[in-house]
Each structure stands twice: as C-alpha cells, then as structure tokens.
Amino acid sequence: MAAAHGSRDFVLEGDASASSDAVQAMAGAPSLDGRLAWADGSPGRVRVRSRTWLDTFDWRLYRAGLTLEQVTGRDRAELVLTGRDGDVLAVERLPADAKPRWPSLVSALPAGPLRELVEPVAGVRALSVVARARSRVTELRALNDDAKTVARLAIDRMSVMHPERASAPARLTLTPVRGYSGVADRIGRAMTSVPGIKPGRASVLDTALAAAGHRAGDLPGKASSVLLGPSMPASSAMAAILMALLDALEANVPGTVRDVDTEFLHDLRIAVRWTRSALKLCGSALPDGLALAYRPEFRWLGDLTTPTRDLDVYLLDFASMATGLIGATESELTPFRDYLVRSRAQEYRRLARGLRSARFARLTTSWRTALADVRPARKRPPVGELANVRIRAAQRKALQAGQLITAASPSERLHDLRKRCKELRYLVEMFGSLHDPAQHWQAVRELKALQNCLGEFQDAEVQRTEIRAFAAQMLADRSAPAATLLAMGEIAAGLARRQRAARGQFDSRFADFASPASQARLTELARTAAA
Amino acid sequence: MKIFASYNIKGGVGKTATAVNLSYLAARDGYQVLLWDLDPQGAASYLFRIKPRVKGGGKALIKGTKSIDAAIKGTDFDGLDLLPADFTYRNLDLLLDAAKRPAERLGSLLAPLKSEYDAVFLDCPPSISLLSESVLHAADLLLVPLIPTTLSVRTLEQLTEFVGGFNGHQPDVLAFFSMIDRRKRLHTQIAADLPAARRCFAATVIPALSVIEQMSVHRAPVAAFAPRSHATRRYGELWREARERAGLVRD
C-alpha cells in the first residue's frame with residue numbers, strides 16, 4: 001500500500017529478522033521518554049499482500065512522478081495511484097470477478113478518478129507489469145498513557161518476484177494518527193537514533209527494482225545516448241550506435257508480436273529507420289561490405305512494418321477525423337472504420353509472421369554478432385571527423401534541396417527535402433554526445449520545426465491517396481454504402497486542406513532553417529564534433 | 001455527507017452508546033466518519049481514549065478562529081475520527097447566541113468537511129437549547145433513543161412537532177427503544193405496540209445489556225471488543241436502518 005499522508009519511511013539495513021530487535025531498541029530510545037509503549041497491531045497476524053507495479057513500457061507514469069500499484073490482499077484488490085511525494089492521489093477498488101489482466105490499455109481500468117488521472121499521461125500506451133513483489137507486513141501501534149494509538153509502524157518484509165527474484169531490505173513506515181503528529185515526530189527521531197535504521201528516501205517501487213538489480217525509467221537502446229569521444233575509432237562508435245539501435249529494436253519485438261499497444265511497432269520502426277540511415281550515411285566506417293550486406297535486410301524489415309503502422313495511424317486519428325466532418329455524420333464512417341480494422345488485423349498477422357520468421361531471427365542474431373566483431377579501425381578518421389564530414393554534407397544537401405523549391409515545385413521536391421532533413425537530424429542526434437548540449441538541442445528543435453511542416457505536407461498527401469485506394473477497394477468488395485464513400489470524400493477534402501496549410505507554412509519554416517544563425521549553429525556543431 | 005444526530009432531551013437514555021457504536025459500524029463499512037462529541041461531559045471522547053480538550057475551546061470553534069479540521073483526532077479505528085469534547089462546550093448556547101444565524105451555525109461549521117467525510121455523527125448533550133436547535137437544523141437524521149415509558153413517547157411527539165415546524169430543511173426522525181428491560185411489563189408492552197403504529201420508529205430495539213455498560217471498562221465500541229455479542233448484532237441492525245433511512249451512499 002502506498003504511504004499515507006504524513007507518513008515517514010525508514011529502511012532497516014541488514015537481515016530482515018533484525019527488525020524486531022530494532023523495534024525493541026526504538027521503544028527504549030531516550031527521545032520517547034518512556035512515555036510510549038508498543039502494542040501489537042493485530043497479535044500474531046501478518047498481513048500478506050501481493051503487489052504489482054504498473055507503467056507503460058517507456059515509463060510515462062514514472063517520468064510524470066506517478067506510481068500505480070495494484071495491491072491484492074486476502075479479501076480485496078485495489079489500484080493505488082500515488083504522486084511524487086508519496087501522497088495517495090486516487091484509489092480504485094477492483095471487482096473480484098473483473099480484475100484487469102496486464103498488459104492492458106488504460107481503457108480497461110474501471111471508470112473513475114484514477115483512470116482520469118492516468119489516461120492523459122499513459123496516452124495510447126498499455127500498462128504493463130514493471131515489478132511484482134510479495135509483502136509480509138506486521139503492524140505495531142505506539143500507545144500513549146491512555147493506551148490510545150498515536151502512531152502506527154508497519155514493518156514490511158518484501159520479496160521481489162519480478163523483474164528478478166530478490167529480497168528487499170525491511171521497510172518501516174511510521175504513520176501518525178491524525179492529531180498526534182508531534183508524538184510521531186518524536187518516534188521518528190528515536191528511530192533514526194537506532195543503529196541500522198536509516199531514513200528510506202527511495203519509493204517502494206525503486207527499492208523493489210534496486211533489489212532486483214534494475215532501475216525505474218531505464219529504456220534500452222537510445223542511440224542518441226551512446227557516449228562517444230571525438231577521437232574514438234569511427235568503426236567502434238558506429239558499432240556502439242548500431243548495437244544500441246538493435247537493443248531498442250529487439251526490446252520492442254515482444255510487444256509488437258503480442259500487439260500490446262501501437263507504440264511498440266512505432267518504436268521498432270524508428271530503430272529500423274535510424275539503422276538504415278546510419279548504414280547509408282556512415283556505413284563506410286564499418287568493415288568493408290558489412291553495411292552493403294545488411295542494407296537490403298533492414299529495408300525488408302522496414303517494408304514489413306509499414307502497412308500495419310499506416311493503418312494504426314488511421315485508426316489512432318480516426319476519432320479526430322470523424323469529429324471534423326461537416327456534411328456527413330460519424331456513424332456513416334463506421335463501415336470505413338470496420339474496413340480499416342479488418343485490414344489492420346490482416347496486415348498485423350503478416351507482420352507477426354515476419355517477426356517470428358527464421359529470416360528475422362537470422363537478421364538480428366547475425367547482425368549482433370557482426371557488430372560485436374567490429375574492431376577499431378585506427379587507420380580511418382575518428383568518429384569526430386566522420387560526424388563533421390557527414391553532418392556538413394547532409395546540411396549542404398538539405399539547404400540545396402530546399403533552395404530549389406518554388407511555389408510551382410511538385411510535391412516530390414518537398415518529399416525529397418523531408419528525407420534530407422531526416423538524415424541531417426538523425427546524424428545530429430546520433431553524434432549528440434560530441435556536441436555542446438545547449439547548441440545541440442536548439443539545432444534539433446529547429447530541424448524538428450521544419451520536419452513537422454514537411455511531415456504534415458507529405459502525410460496528408462499519402463493519406464489522401466490511400467483513402468482513394470481504400471474507397472476503390474471497398475467499392476469493389478461492396479462493403480461501402482454511398483454515404484460512407486461521401487464521408488470518406490469529406491475526409492479526403494480535409495486532408496487536402498491540411499496539406500495546403502502545411503504548404504503555406506513551408507516558406508517561413510525553411511527560411512528559419514536557412515537563416516545564417518541556424519546554419520552557423522549546424523556548422524559549429526559539425527566543427528566541434530571533430531574538435 | 002450525511003449528518004446523524006444522537007439526540008434526546010433526557011439524559012441517560014443511550015445517546016452516547018448509540019453515537020459511538022453506530023459511528024464505529026459506519027467506519028467498519030468503509031465510510032469515512034467523524035464523530036463530534038458535543039457533550040461537555042466528554043463520554044464519547046473517553047470511550048475512544050481521547051482527551052476531552054480542544055485548543056481555544058468551543059469559543060474558537062464557534063467563532064471560526066480555529067478550524068474544525070485542526071481539532072480532529074484519529075481514533076484507533078480506520079476511517080473513524082473524533083472531534084473531542086471540551087468543558088467549555090457547556091457555554092455553547094451563549095456562544096451560539098452571539099453568533100450570526102445561530103440555528104444554522106453548526107451546519108456551516110461542518111460544511112467544509114463534506115469532501116472528507118461520508119458521515120458525521122453528533123453526540124448531543126441532553127437539553128433543549130440553542131445548541132440542540134442548531135443540531136436539529138444541521139442533521140439529516142435524528143437518532144432518538146427512548147426508554148419505553150409514556151413520558152418518553154410524549155417527548156418524542158414534542159420533538160417531531162418541533163422539527164416539523166422548521167422552514168426549509170427538516171431532519172428525518174428515527175426513534176428506537178433503548179435500554180429495554182424485558183422484566184418490565186410496561187417496557188415490553190410499549191416496545192411491542194408503538195413501532196408498528198408510527199413510521200418514525202425503527203424496527204430494532206436495543207436491550208439493556210451489561211456488555212453495553214462494559215464499553216466504559218474496555219473504552220471501545222461494543223463491536224470492537226465483543227464482535228459476536230447480541231448488542232453488536234442489534235447495533236448492526238440499527239445502523240442498517242439508519243443508513244437506509246438517511247439514504248447514505250458512497251460517492
């Protein structure tokens with residue numbers, strides 16, 4: 001159970017069996033003046049609780065300062081949401097016959113204040129089990145001279161079951177009874193004077209994870225967080241970056257195959273896209289022929305994931321597309337939604353087959369081995385020089401591609417610029433640890449602003465083209481009433497408006513990117529990477 | 001939040017036992033409960049082992065210079081808090097008389113606690129005074145323990161007539177026979193005849209039982225130290241009737 005208001009936590013160092021000695025020592029501590037006594041809360045009774053902590057795969061709740069715990073006792077189960085300071089924000093009792101199974105989307109939680117607090121933070125991500133433990137809690141009561149309870153002390157001996165089996169140090173939680181906080185303060189002071197008892201600053205979740213050798217907030221394989229030094233051999237640096245990307249890719253495979261939420265596939269695709277760009281732009285730093293051998297395989301992997309992701313995007317945006325209708329009604333779009341759901345199920349089966357295939361297993365296994373075998377190539381320029389050259393080349397290409405765009409340019413020119421900008425941003429982020437952090441983030445922000453505009457332009461066009469193809473297919477299948485086709489036409493018109501608006505913003509966004517200050521920043525980043 | 005007031009003009013009829021036991025049972029049902037011991041004798045405070053003392057006394061509470069919130073003490077039982085008695089409560093009538101809208105004062109003092117508590121029990125001193133009038137105005141349900149005598153019944157009639165004359169909010173009344181001695185013919189006869197005839201009577205009666213008197217020895221509600229006793233069952237039945245009559249539902 002989460003900490004109650006005003007409670008204080010302590011940890012008991014050493015063996016958990018030492019807790020009763022420590023309590024005896026506390027009772028005799030001078031600051032209690034002999035005026036308090038300890039009584040057994042429930043003589044001879046130890047409460048056993050099973051505790052399950054939930055978060056999204058990317059720790060969205062943890063990063064927002066929230067902890068969500070499912071506590072299951074003998075006769076009831078409840079979800080408890082606590083804030084950064086341990087205060088309980090919401091509690092939801094779970095019906096015995098309808099407990100959610102994890103992982104589950106937030107929509108599986110019972111409607112109520114807890115769900116309302118979790119939903120905006122977790123978004124489309126599912127809640128999964130991040131830790132599981134079994135607590136054996138003994139409660140003691142501190143009594144005053146009227147034998148009135150003035151504080152409660154819970155001694156929690158916790159065994160961690162997941163992510164690894166481990167024993168956590170015993171945790172003592174002192175909770176004042178309302179109106180007696182002064183007495184609890186004295187007990188708290190007495191406790192800290194007892195050898196072996198230390199204030200417990202870490203949350204129960206942090207304690208459980210630490211005991212299991214893990215840490216909350218850990219995410220596998222962020223290429224931009226690979227630490228590089230300018231003189232590091234480029235081959236080793238690229239192998240480290242690509243290995244981190246492979247970690248990220250593999251970490252997202254189980255969630256994609258089990259279809260836990262749409263973001264697993266999204267993040268898997270990001271890892272593939274970065275890998276492909278790294279091989280294309282910096283593959284020459286790797287041993288001869290390695291990049292060339294793997295580029296087609298990663299292209300296959302990228303293509304395998306595209307149809308499902310495209311349909312995910314449609315379904316994720318569906319509600320907002322539907323609310324934008326003016327002439328048609330939302331219900332007229334139902335056959336279109338059903339068509340998307342059916343198509344997505346079909347594509348997902350193909351994707352899951354691909355990710356379970358021998359080809360995919362061969363790709364990841366042999367790629368990991370190949371990266372592990374990369375040796376430092378000292379004769380080639382170091383990674384700082386590689387970053388300098390590649391960033392400047394990508395910067396030049398992006399600038400040139402943009403400068404050629406006029407009001408009369410076809411869409412392909414903007415699509416091409418988008419690709420160049422993506423490559424430039426990946427390079428800047430990939431070599432992020434070589435840059436001055438403030439300049440780095442400013443450059444990334446500026447690039448993202450231009451990319452968002454180009455992305456909106458291209459996505460709207462692609463979706464508009466696809467919606468025509470869907471309409472033709474639905475017509476051929478006889479699964480689209482005329483009203484649905486008209487409603488889809490309205491959505492296509494809305495996409496055209498979005499594309500036009502993005503095109504209208506392009507000139508000013510590109511002017512910002514091409515400004516002397518922005519260009520100088522990129523040049524300086526490239527130069528300092530080599531310094 | 002529902003406000004239950006344990007009230008009777010007469011003393012020694014089981015008001016405190018009712019407030020203490022019903023508030024405990026409400027908390028055991030999972031409700032967040034506050035019991036306000038308004039009787040300067042402080043019997044309810046004593047039973048929960050809480051010193052009958054409020055910083056600044058009744059004056060500070062009635063004038064609002066000290067918030068009720070700061071005076072509340074936790075009992076030994078989950079979900080049950082107590083606002084202790086104070087000897088200065090003997091002057092609450094005078095303090096209310098000096099306050100604006102004295103009849104509504106108690107209700108307005110309790111209003112800020114709405115979000116924290118599902119139920120508030122008021123253990124009232126035996127009297128008919130400005131304080132009792134303020135209690136009657138604040139309460140949703142009056143719990144009226146009665147010794148089965150003709151005079152007690154007459155008192156109840158006076159009470160229902162009095163609250164029936166209120167403009168606007170009128171508390172519902174749930175009277176019940178308390179301290180029934182089965183050996184007394186008059187007790188059993190009145191207890192058998194009256195409840196069926198009047199809506200305001202509960203079906204439950206609370207007999208005179210020594211285990212109820214032992215509350216002052218154990219300094220705890222009956223259900224806490226004698227959970228299987230006849231008295232616990234009777235108070236449980238009375239609580240169910242009171243909860244249903246007040247329409248207490250969890251938010």
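Every chain is numbered from 1 and lettered A, B, ... according to where its sequence line falls, protein lines coming before strand lines. Only this structure's heavy atoms are used, side chains among them; waters, hydrogens and symmetry mates stay out. Remember, it's a predicted structure, so these values are computed and weren't measured experimentally.
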Peer 1: Step through the shown structure and confirm whether more than 12 heavy atoms of other residues, nucleotides or ligands are within 6.0 Å of CZ on A:Arg93.
Peer 2: no
Peer 1: Taking side chain as everything from C-beta outward and backbone as N, CA, C, O, which of these in B:Phe77 sits under 4.5 Å from a heavy atom of chain A? Side chain, backbone, both or neither.
Peer 2: backbone
Peer 1: Taking salt bridge (Lys or Arg N to Asp or Glu O under 4.0 Å) as the cut-off, I'd like each qualifying pair that reaches into residues 107-120 of chain A, sequence neighbours left out, listed once.
Peer 2: none
Peer 1: Grab the two heavy atoms, one from B:Tyr117 and one from A:Arg178, that are nearest each other, plus how far apart they are.
Peer 2: OH-NH1, 2.8 Å
Peer 1: For residues 236-245 of chain B, dump all side-chain donor-acceptor pairs below 3.5 Å to protein atoms at least two apart in sequence or in another chain.
Peer 2:
from     : atom 1 : to       : atom 2 : distance (Å)
B:Trp239 : NE1    : B:Asp29  : OD2    : 2.9
B:Glu241 : OE1    : B:Ala203 : N      : 2.9
B:Glu241 : OE2    : B:Ala203 : N      : 3.1
B:Glu241 : OE2    : B:Thr204 : N      : 2.8
B:Glu241 : OE2    : B:Thr204 : OG1    : 2.6
B:Arg243 : NH1    : B:Asp29  : OD2    : 2.9
B:Arg245 : NH1    : B:Val173 : O      : 3.0
B:Arg245 : NH2    : B:Arg199 : O      : 2.8

Peer 1: Counting only heavy atoms not in B:Lys51, do more than 12 sit closer than 6.0 Å to its NZ atom?
Peer 2: yes
Peer 1: Sort by residue number and list every member of residues 61-76 of chain B having a non-hydrogen atom under 4.5 Å from chain A.
Peer 2: B:Asp69, B:Ile72, B:Lys73, B:Gly74, B:Thr75, B:Asp76
Peer 1: Tell me, yes or no, whether the heavy-atom count around B:Arg101 atom CZ, taken from other residues, nucleotides or ligands under 6.0 Å, exceeds 12.
Peer 2: no
Peer 1: Suppose the criterion is salt bridge (Lys or Arg N to Asp or Glu O under 4.0 Å): which pairs have a residue in residues 212-232 of chain B, not counting sequence neighbours?
Peer 2: A:Asp146-B:Arg219
